[in-house]
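Structure record follows, encoded as C-alpha cells.
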Protein chains: 2
Amino acid sequence: MVGKLTAKGRATRARIVEGAAAVLRERGVASATLDDIMARTRTSKSQLFHYFPAGKDELLLAVARFEADQVIEDQQPHLGRLDSWEAWERWRDVVVERYEQQGDECPLGSLFFQIGRSTPGARAIVVELMRRWQESLAAGIRALQAAGRLPADLDVDARAAALLAAIQGGVSILLSTGRSAHLRVALDQGIADLRREGDAVDRRGG
Amino acid sequence: MVGKLTAKGRATRARIVEGAAAVLRERGVASATLDDIMARTRTSKSQLFHYFPAGKDELLLAVARFEADQVIEDQQPHLGRLDSWEAWERWRDVVVERYEQQGDECPLGSLFFQIGRSTPGARAIVVELMRRWQESLAAGIRALQAAGRLPADLDVDARAAALLAAIQGGVSILLSTGRSAHLRVALDQGIADLRREGDAVDRRGG
DNA sequence: CCTACGATGGACCGCACAGTCCATTCCCAG
DNA sequence: CTGGGAATGGACTGTGCGGTCCATCGTAGG
C-alpha cells in the first residue's frame with residue numbers, strides 16, 4: 001500500500017496518526033469521526049484514504065500501535081533499568097503519575113474494544129505490549145537477583161506476571177472510578193512482597 | 001417514564017434487556033444495532049422506544065446494570081461466605097472458571113467505553129459494582145479475623161483493594177490476550193499472601 | 001361488555017459519516 | 001525543464017441506523 005512515501009508524505013502520515021490519537025483521547029473512540037481528525041490534522045479526506053487505503057480501521061490500528069509504543073516509552077528510562085530498589089520506587093512513581101494524569105482516558109482499551117477481536121492485528125498489538133512490559137519487569141527482578149538482593153530460586157515469571165496484573169487492575173479501576181488508590185495499593189503491595197523476599201536473603205546472607 | 005407497566009409489559013422489558021445483553025456480547029457493543037436487538041427479542045421499534053424513551057443510551061444503561069448485577073451473582077454463594085480458606089479456594093475457582101468461560105468478551109467494559117464518561121449514570125454503575133465487590137472481599141477477610149485465622153491488626157481495606165485490583169488486572173489481561181494465566185497467578189498470589197499472614201497468627205497463637 | 005390506556009406493528013424520515021472520484025498542485029528524477 | 005507519480009483539495013454519494021409517528025390490537029378495570 002504505502003511503499004512509496006516521500007519525506008513529506010511520511011511527515012503527513014505521522015501527523016495524521018498523532019493528531020488522530022489526540023482526537024480519540026478527547027472525543028472518545030466511539031464518537032470521533034474522520035472529519036474531526038481532518039480538522040485536527042489539517043488534512044483532507046483523500047489524504048486519509050491515501051495513507052490508509054483500508055479506511056478508518058487501518059487508521060485506528062496505526063493509532064493503536066502508536067499508543068502501545070507510547071505506554072512503554074512513558075515508563076522509560078526507569079522501566080529499562082530496574083536494578084535497585086530505588087529504581088523500582090522511581091518507576092512506581094512514574095507509573096502512578098502517568099496514569100493519574102491520563103485520568104479516565106484509556107486510548108488503547110477503547111481502541112481495542114472498537115476494532116474488536118475480529119481484526120487479528122489488534123490483539124497482536126496488545127499481546128506484544130504485555131509481553132514487552134512483563135519482560136521488562138522480569139529483567140528488573142533478575143537484575144536484583146544478580147545483585148544478590150533477591151533469592152535465586154524466586155519464580156521470576158510468576159512475580160512479573162502478578163505485578164503486571166496488579167498494574168492493569170489498578171489502571172482498570174482508575175479508569176472506572178477515577179480514583180488511583182487501588183493502583184497505588186496494588187503496586188505498593190506487589191513491590192513490598194518482592195522486598196520481603198529480599199529481606200529473607202539479607203537474613204540468610206547476614 | 002415507565003410508571004405504568006403491566007405484567008406483560010414488565011416481561012417484555014426484561015426480555016429486551018436480556019436479549020440486548022446477549023446481542024451485545026455476540027456482536028460487540030460497537031456494531032450491535034437496534035435492529036439486531038429487535039430481531040433477537042422479537043420486538044418492534046416502538047416497543048424499544050416505549051420501554052426506553054431516551055433511546056439506545058438508556059437501553060445500554062439498563063443492560064449495564066443487568067450485567068453488573070450478573071457479575072456479583074455469578075460469584076455467589078461463595079463470595080458472600082468467605083469464612084474459611086476452603087471457601088476462598090472455591091470462590092477463586094468460580095472466578096477463574098467464570099472468566100475463562102466468558103473468554104474475550106467484556107460486556108461491561110465495552111458498555112462503559114460506549115456510553116462513556118459523559119453519562120453520569122454509567123460510571124455510577126461500575127463504581128457501585130467495585131464497591132460491592134471489594135466490600136464482600138473485606139467482609140470475608142474480617143470473617144477470618146473473627147475466626148482467629150487472621151491477625152486483628154491486618155489492614156483489611158488495603159488487602160481487599162489489592163485483591164480486587166489483582167482480579168481486575170487478571171481479567172483485563174485475559175481479555176487482551178485470551179490467556180488466563182495472569183488471572184490465576186494474581187489470585188493465587190493474593191490469597192497466598194493472606195494465608196501467610198494467617199500462618200503468623202498460628203505460630204503466635206500456638 | 002365497554003372503554004381507556006398500555007402494548008405492538010411497521011412505515012417513514014433525516015442525517016451523520018465512511019468511503020469514492022476526479023481535478024489540481026507539488027516535487028523529484030532524468 | 002519536463003514528464004510522471006505522489007500529494008492534496010473537496011464535492012459527491014450511498015446507506016446504515018437511530019429516532020418519530022400513527023394506526024391497530026390486547027386487556028384490565030369498572
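FYI, side chains are in, hydrogens and waters are out, and symmetry mates aren't considered; it's all heavy atoms of this structure. Protein chains get the first letters and strands the later ones, always in sequence-line order, with residue 1 at the start of each. Just so you know, these numbers come straight off a predicted model, no measurement behind them.
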Sequence neighbours excluded - side-chain hydrogen bond (donor to acceptor under 3.5 Å, both in side chains) pairs with any residue from residues 154-174 of chain B: B:Arg159-B:Glu197
Taking only nitrogen or oxygen atoms into account, show me every contact under 3.5 Å that the protein makes with nucleotides 2-10 of chain D, one pair per line with its distance.
residue : atom : partner : partner atom : Å
D:dA6   : OP1  : A:Lys4  : NZ           : 3.4
D:dA7   : OP1  : A:Thr6  : N            : 3.1
D:dA7   : OP1  : A:Thr6  : OG1          : 3.1
D:dA7   : OP2  : A:His50 : NE2          : 2.7
D:dT8   : OP1  : A:Thr12 : OG1          : 3.1
D:dT8   : OP2  : A:Gln47 : NE2          : 2.9
D:dT8   : OP2  : A:Tyr51 : OH           : 2.9
D:dT8   : O5'  : A:Gln47 : NE2          : 2.8
D:dG9   : OP2  : A:Gln47 : OE1          : 2.7
D:dG9   : N7   : A:Ser44 : OG           : 3.4
D:dG9   : N7   : A:Ser46 : OG           : 2.3
D:dG9   : O6   : A:Ser46 : OG           : 3.2
D:dG10  : O6   : A:Ser46 : N            : 3.3
D:dG10  : O6   : A:Ser46 : OG           : 3.3

Whole-Å gap separating P (D:dG18) and CG (B:Leu34): 4 Å
salt_bridge(A:Asp193, A:Arg196) N-O dist < 4.0 Å: yes
Residues which pass side chain to side chain donor-acceptor pair (under 3.5 Å) with A:Asp83, listed by chain and number, not counting sequence neighbours: A:Arg81
Side chain to side chain contact (heavy atoms under 4.5 Å, CB included) partner of B:Lys56, chosen from B:Leu61, B:Leu34, B:Ile115: B:Leu34
Pair B:Glu89 + B:Arg195: basic N to acidic O under 4.0 Å: yes
The single option from B:Asp36, B:Thr33, B:Val29 passing side chain to side chain contact (heavy atoms under 4.5 Å, CB included) against B:Val23: B:Asp36
Bounds of contact between DNA chain C and chain A, in 5' to 3' order, using a heavy-atom cut-off under 4.0 Å: C:dC17 to C:dC27
Residues forming a side chain to side chain donor-acceptor pair (under 3.5 Å) with A:Glu18, sequence neighbours excluded: none
Nearest-Å distance for atom pair NZ/P, residues B:Lys56 and D:dC17: 8 Å
Sequence-distant partners of A:Arg142, side-chain contact (heavy atoms from CB on, under 4.5 Å), two or more places apart: A:Glu135, A:Ala138, A:Ala139, A:Gln145, A:Val156
